[in-house]
Number of protein chains: 2
Amino acid sequence: MDRRSQILTIAGHLFSQRGYHATSMRELARHLNLQGGSLYAHIQSKEELLLEVVRQAAERFQKVLEELPSGDPVTRMKALVKGHLRVIAEELPRATVFFHEWKHLSPPLLEEAKALRRRYEEGVQEVIREGVEKGVFQVENPRLATLFVLSALNWTYQWYRPDGPLSLEELSEQYAKLVLRALGVREGGEDGEA
Amino acid sequence: MDRRSQILTIAGHLFSQRGYHATSMRELARHLNLQGGSLYAHIQSKEELLLEVVRQAAERFQKVLEELPSGDPVTRMKALVKGHLRVIAEELPRATVFFHEWKHLSPPLLEEAKALRRRYEEGVQEVIREGVEKGVFQVENPRLATLFVLSALNWTYQWYRPDGPLSLEELSEQYAKLVLRALGVREGGEDGEA
DNA sequence: CCTACCGATCGGTAGG
DNA sequence: CCTACCGATCGGTAGG
C-alpha cells in the first residue's frame with residue numbers, strides 16, 4: 001500500500017469516528033508518523049481527501065449493483081441487501097463517510113459526491129421497479145418503497161458492529177426477509193418458515 | 001420566546017445544516033444580531049447548547065411514545081410511525097441534531113445524550129415486543145426487527161422535506177403499511193387494499 | 001518529508 | 001449586551 005493509500009485509509013477512520021471538521025490535518029499526520037505539512041506532498045487539500053474517501057466507498061457499493069445476479073427480482077433483491085450489508089461490514093469507516101461526511105464538501109466537489117450517491121440510489125430503485133413491473137413486488141408507491149428500503153439499509157452503519165451478536169450472514173439473511181416482506185413478497189423462499 | 005430559546009432554535013438550524021464543528025459561535029451570534037462574546041450571557045458553552053437541542057428533540061420523540069393509544073399492536077405501531085414522522089416533519093433541525101450531531105458531545109454530556117436515545121429506542125422495542133408476544137407481529141428476531149424499523153424511521157430525516165411531493169399524511173400512512181408488512185402483519189386494516 | 005512559518009479563526013473571558 | 005482581548009489551533013505554504 002503506497003503512502004497515499006495509507007493516508008486515505010487513516011483519514012477514513014478519523015473522519016468517520018470524529019467527523020470531518022473535528023479531524024485536524026496534524027492529527028491525521030500524527031497517526032502516520034508525519035509532520036502536518038508533510039501530508040501536502042501526497043495530497044492537495046483536506047477536502048480532496050474527503051472526496052477521495054467518498055469515491056472509494058461509492059465504488060464498493062456500485063460494484064454490488066453491477067454484480068447482481070440476473071434472474072427473478074426476489075433473488076436480485078436478496079443479493080442487493082446482502083451485498084450492501086457486506087460493504088458496510090467490511091468498510092465501516094468509508095461507508096460512514098459515504099453516508100454522512102460527504103455533506104461537508106463544498107460546491108465543486110459536493111456535486112460529485114451527490115452524483116455518486118444518486119447513482120447508487122437509482123440502481124436500488126431500478127431493482128425495485130423491475131420487481132413491481134413483473135408483479136413480484138406489490139407496493140403502492142415504488143418511489144416511497146425505495147426510500148423505505150434505502151433507509152433501512154443505510155442506517156445500519158449506525159448500529160452494525162462486526163463484533164456484534166449476529167454474524168453478518170445471519171443478519172443479512174434476516175434483513176433480506178424483512179425487506180422482501182415489506183415489498184409484499186409472500187413467504188416461503190428457498191428455506192422455509194418465518 | 002426568550003433570548004435563550006431563540007439561541008437554541010437558531011443553534012438547532014445551524015448545527016443541523018452545517019454540522020456542530022463547522023458552526024462557529026460568532027456565526028450563531030451574527031444570526032441573532034449579537035457579538036460573539038454576548039452569547040455567553042445566556043449560555044455556558046457551545047457544548048451545553050448542543051446538549052440542550054438534543055434534549056428538546058428527545059422530549060418530542062418521547063412524547064410520541066407516551067401518547068400512544070392503548071389497544072392492539074397494529075394501532076399502536078401505526079400511531080408510532082405517524083408520530084415519529086410528524087416530529088421529523090415539524091422539527092427537522094432538532095431531529096437532525098438528535099440523530100447525528102449528538103456524537104460530537106464529549107464524555108460527561110455524551111452519556112446523557114446516549115441515554116435519551118436509548119430510552120426512545122427501548123420504547124419502540126417495547127411496542128414491537130408486545131406485538132410479537134400477542135402473536136400479532138411475526139418475526140424471527142424481535143431485536144433485529146426493532147433495529148430494522150428504527151433504521152427505516154430514523155433515516156427519513158435525510159430525505160424528508162416538508163415541501164416534497166407527498167403530504168405528511170400520505171407519507172406516514174404508506175410508511176406505516178410498509179412497516180407493518182415487514183413485521184408480518186397480513187394485509188387489510190381499516191382501509192382496504194395494498 | 002522536515003522546519004518554520006503565514007494569516008485567519010476558534011471558544012471563551014474580563015470588565016464594564 | 002459590547003469592546004477588547006486571551007492562548008490555542010486551524011489548513012496550508014516556502015524553501016530546502
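Within every chain, numbering begins at 1; the chains are lettered A, B, ... in the order of the sequence lines, protein sequences first and strands thereafter.
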**Prompt:** Which dot-bracket string fits DNA chain D when only Watson-Crick or G-U wobble pairs with both atom distances under 3.5 Å count, crossing pairs get [ ], and | stands for a partner on a different strand?
**Reply:** ||||||||||||||||

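Under the salt bridge (Lys or Arg N to Asp or Glu O under 4.0 Å) criterion, B/Glu111 pairs with no residue at all, not counting sequence neighbours.
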**Request:** Could you encode protein contacts along nucleotides 3-16 of chain D as a string, one character per nucleotide from 5' to 3', using B for base contact, S for sugar-phosphate-only contact and - for no contact, with a heavy-atom cut-off of under 4.0 Å?
**Result:** B-B----BBBB---

**Request:** Give the intermediate values and the outcome of salt bridge (charged side-chain N to carboxylate O under 4.0 Å, His left out) for residues A/Glu52 and A/Arg55.
**Result:** CA-CA 5 Å; A/Glu52 200 60 43; A/Arg55 280 192 188 124; 2.7 Å; yes

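The pair B/Arg4-B/Glu48 counts as a salt bridge, with a side-chain nitrogen and a carboxylate oxygen less than 4.0 angstrom apart. Note on B/Arg118 versus B/Glu121: no salt bridge recorded, every NZ/NE/NH1/NH2 to OD/OE distance being 4.0 Å or above.
Shortest non-hydrogen contact noted between B/Leu49 and B/Ile7 is CD1-CG2, 3.8 Å.
For A/Leu34 and C/dC2, the CG to C1' distance is 10 Å, given to the nearest whole Å. The distance between atom NE2 of A/His42 and atom C1' of C/dC1, rounded to the nearest whole Å, is 7 Å. B/Leu32 places its CG atom 9 Å from the P atom of D/dC1, with the value rounded to the nearest Å.
Between B/Tyr157 and B/Phe99, the ring planes are parallel. Angles under 30° get that label, and only those over 60° would be called perpendicular. Using the six-membered ring where Trp is involved, B/His104 and B/His21 have ring planes that are perpendicular, over 60° apart on the 30 and 60° scheme.
At a threshold of 4.5 Å between non-hydrogen side-chain atoms, the residues A/His13 and A/His31 do not count as touching.
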